[in-house]
Every structure is written in C-alpha cells, then in structure tokens.
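Labels below follow one simple rule: chain letters A, B, ... track the order of the sequence lines, proteins then strands, and each chain is numbered from 1.
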Protein chains: 2
Amino acid sequence: MTEHTEEVTPPRLENRTLREQVCAHLREEILSSRLAPGTELSEVAVAKTLGISRGPLREALGQLAAEGLVTITPRRGAVVTKFTRQEFIEAYQVREALEVLAIKLAVPRLTDAQRSRLHALADAMVEHAEQGDTRAFFESNKEFHRLLVVAAGNERLREMHEQLANQMGRLLAKSLELRGSIDQSVAEHHAILEAIDAGDARRAARLLEEHIEVPYRVLDSPEADELFDPTPETPLSGEDK
Amino acid sequence: MTEHTEEVTPPRLENRTLREQVCAHLREEILSSRLAPGTELSEVAVAKTLGISRGPLREALGQLAAEGLVTITPRRGAVVTKFTRQEFIEAYQVREALEVLAIKLAVPRLTDAQRSRLHALADAMVEHAEQGDTRAFFESNKEFHRLLVVAAGNERLREMHEQLANQMGRLLAKSLELRGSIDQSVAEHHAILEAIDAGDARRAARLLEEHIEVPYRVLDSPEADELFDPTPETPLSGEDK
DNA sequence: GTGATGTCGTCTGTTGACAGTTAGTTGCCA
DNA sequence: TGGCAACTAACTGTCAACAGACGACATCAC
C-alpha cells in the first residue's frame, strides 16, 4: 500500500541513473511495439542514438534481458525477445496461476473503492465491446486483471505478474483483433465479479481459472505467424555446429 | 544442476563470458551462505579479489539483483539481499501457487522413472528424519519439489520456481532446524505421492497447497530474527520531509 | 553544548579505448 | 562451377581512468 493512486513518485528531480533512464526508455519502446520483436539492438548504434556510452546501455540491456523483454546471445548481441508458441503458452500458464493466487488473496481485502472500480472497468469493457473498440477493450481488460493483482497486497506477486503481462501484452494487443469471442469474455468477467461481490474467493478463483485459459485458437491462426519465432523444435541429434 | 559430472553443457571450454563466471561464482557464494545476507559488496573490493575489472562485475551484480539475490541501491552500492518477514511470506505464497500449477501439469506427464524417483526421495526423507539429519532431509525435500516442477515441462515455470527456491532456500535451511514437525511433513509428502500415483492431479494439488502453507511459526521464532531485515514498516503519515 | 554548515574522502556512475571473437565475404583450388 | 579456406570488417567483451555524488567528520556560530 505504498502507491495508492498516482503519487509524487519522483525520488528526486532527475536524479535517476542513466541506466534507469535508458532502461525505462527502451522498455517503453518495446512495450509500445515501436520496437518489434526480433529487432536487433546493436550496442554502438543504440548508444549513439541515445547519445550515451555503451556501459550504461549494456547494463540496461542486461536488466531488460532479466525482465524477458530482450534476448541476449553471448557474442551475438541483443534482440527484442521473440517468443515461440511454446514459450508463450508456458508464460500464459504461469500468469494464470499467479492471477488465481491474486484473486484468492484479493477478495477478502478488497475495499469498496476497488470493488466499484472493478465494476466500472467491467462496464467499460461492455461498452468498448459494443463499439468494437478492441484497443480500449484490451486496455480495460488489462487494468481489470492488474487491479486484482494489486489488491492482493503481495508486492512480489505484482512484480512477477507485471513482467508476464508486459511480455505477453504486446502480442495479445494484436492477437485480440483475431479473437471473436469478446462477448464471452465480457460475460465471464461479470461472473467473476459476482463471486467477488459475494466474497466467495474459491468460486472467483475457479471462474478466473476457466476464464484465462490459453487461447490456443489465436496461437494457431496464420495471422499470428509473424509474431512468433519459427519454433526451432528440431531435436535432431548430430547438429553440433 | 547445471554441472553434473562433466556435461557438454559449457558452450565451449571456458568460453563463458566473464560476467557469467562471476555471476555463477557469486551466486554460489550467496546460496551456500558463505556470503551472509546483509553483506556489503564493494565493487572495487570484490573486483580486486576476483582479479577482474569493475565492468563485468557490475553487470553480474545487476543480473543477481534481477534474480533477487542482491539488492542494489543507487549510489549506495550492493548488498546481499536481506528479506523482511513480509517479503518472505510474499515469496512463499507465490512459490506455493507455482508448485500447485506444477503438480497439476506434472501428474499427467510423469514417467515411471520420475515417479519412482519421487518415491525414492520420499523414502530418503523418512530415513533422514529418523536419523535427525535435518540437512539431508532438507536436500531431499528440495529435490522432491524441484522434480515436480521439472516434470511439469514448463521451462518458464521452472526458472521462476528456481529463483524463488534459491532466495528462500538459504533461510529455510537454517529455519528448518527450528521446525519440529518434520514427521508431519513426511506424512504429507506420502499423501501427495498417493494422489500422484492415482493420477488425481486435483487432489494432489489440494494436498500440496495445504502442505506448503507458510510456516509462520518459524517466522515468529526469535532465533530467526537475525535472518531478517528489521521490517521498516513505519507507515507513520506525515513524513514527507 | 548543541546545532548547522563546509570540507574531505571514498565510492559509484560514466566514458573512451583496446583486444578477442564471430560472421560474412572474397579468392583460390579441385 | 562448387566448395573450402583465409581474410576482412564489425561487433561485443573487457579494461583503466575521469567525474560526480553521497556520507562522515570537523569546524564554526549561536
């Protein structure tokens, strides 16, 4: 409960270290899809572009690699992470488990303000769905789930969930357009909300579990091909070079 | 478990980057408790000790910070992470959620070899418990849970669980000695195994959930005081400087 | 004597340059 | 003409040095 709404976060006027600034900048670039998955990040090129040295940039790339946003291959450089379908499914499963934990922890702790905000977000999702605004629908949906995680009051859980949501978000943002069953999603959210209002954490968790389920349909759609790595699942022995 | 005997794992003979070597070294030092929580890691001092420059060391520290093993305060340096009780509980809750997911995924996938290994580990736990060898008991217990996570076949899940287990492991290793109810733990493991053998993933998950439960008793014991950060929970409003 | 203020030392943050390796390309030979 | 090999170029990994910031101590004023 350190940050309620929007605190005056600034630690101290632009006293942030260069690594942090660069890290935040690149993170924003990646999450906004201005840097597409697979984009090569040459150290000298990026450093020159940002007008800094390679040192802080390397550290920033290291941190982003730890967050899973970039993939660093020793001696080969860094690229914006490109998931394989398998990796995406794995991340989705973990995210589901974290959200199930979150809703269990959150239900007994929810304040009236948080509960009404959940209702507002669910209503917004309905509206955006009717208007066919997939972008806005996606944002409300994301915020709905994020709020549940925040309400759980587990900072560690929040961080891990944020990382997963970030990594998958930029893919989901596009794949959502391929998804037809938005109406179903809306109904599911309302069902979850009912369980929350009733204070039934177990039922809410079960509904959420069913709600999240990996959207395999999206993964198999041909439009999603370019979003994923060509799955190098070729365990053919005898390829040591 | 990266170095068994002499695996071919190393990309190429000592071709590992300095950052990786230093990172692995420090990680081992921390996990083995040779570097106690709270130990300050001066860049110049550590660099001189290891006979390397500060550059790779800084990157290694950054990675360890991402793994949660060290805590870096800008302009203040790095220290071996010291959890507060609250942070420990939070990590425990997340670990529980991950293991519940793991057992659900693992049960339908378990090979005969894996199942027999689980039985062997459970038997070893019984033996170690009878002999009062808490150290060996702890190792078998850790391996039991780790194997379940590996068997889940979700690499992402395995990594996140490994991080959590590492962070909490060095504390649990000591706190286990304070724990009296080892017998109960043994019984719980066998109950879980029964459900696994029966192929009942849901029941196994429920048993595991009850089994893990945060050992608040340990956290409240006075002997554990030195292991934790003095919990700076001082939400006294009116401290804006 | 207590408080604030200025100075000093040590550490981190950052920079630029050097060295090693990798990948791509060109040339040569079969 | 195809394949192998050496060469070249560009990049990353590493190092040592510079500059700025923070904390501690001493000094000074009240």
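Distance, B/R54 CZ to D/dT14 P: 16 Å, rounded to whole Å. The separation between A/L57 atom CG and C/dG13 atom P is 16 Å, rounded to whole Å. Here the P atom of nucleotide C/dT12 and the CG atom of A/L18 are 18 Å apart, to the nearest Å. Remark: C1' of C/dT15 and CD of A/E59 are 12 Å apart, rounded to the nearest angstrom.
The shortest side-chain heavy-atom distance between B/E99 and B/L148 does not fall under the 4.5 Å cut-off.
Residue contacts shown for A/G55 include a base, since a base heavy atom lies under 4.0 Å away.
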### Task
Tell me, with the steps shown, if B/K82 and B/T71 meet side-chain contact (heavy atoms from CB on, under 4.5 Å).
CA-CA 8 Å; B/K82 201 170 188 178; B/T71 304; over 6 Å; no
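Of the side-chain N and O atoms in A/R76, one or more sit less than 4.0 angstrom from OP1 or OP2 of C/dA23. Not one side-chain nitrogen or oxygen of B/T17 sits closer than 4.0 Å to the OP1 or OP2 atom of D/dT12. Remark: B/R58 is in phosphate contact with C/dG13, judged by side-chain N or O atoms under 4.0 Å from OP1 or OP2.
Formation of a donor-acceptor pair under 3.5 Å by the B/R109 side chain with backbone atoms of B/A151 is found in this model.
Nearer to the 5' terminus of DNA chain C, by closest-nucleotide assignment, is the contact made by B/E43 (compared with the other of A/P56 and B/E43).
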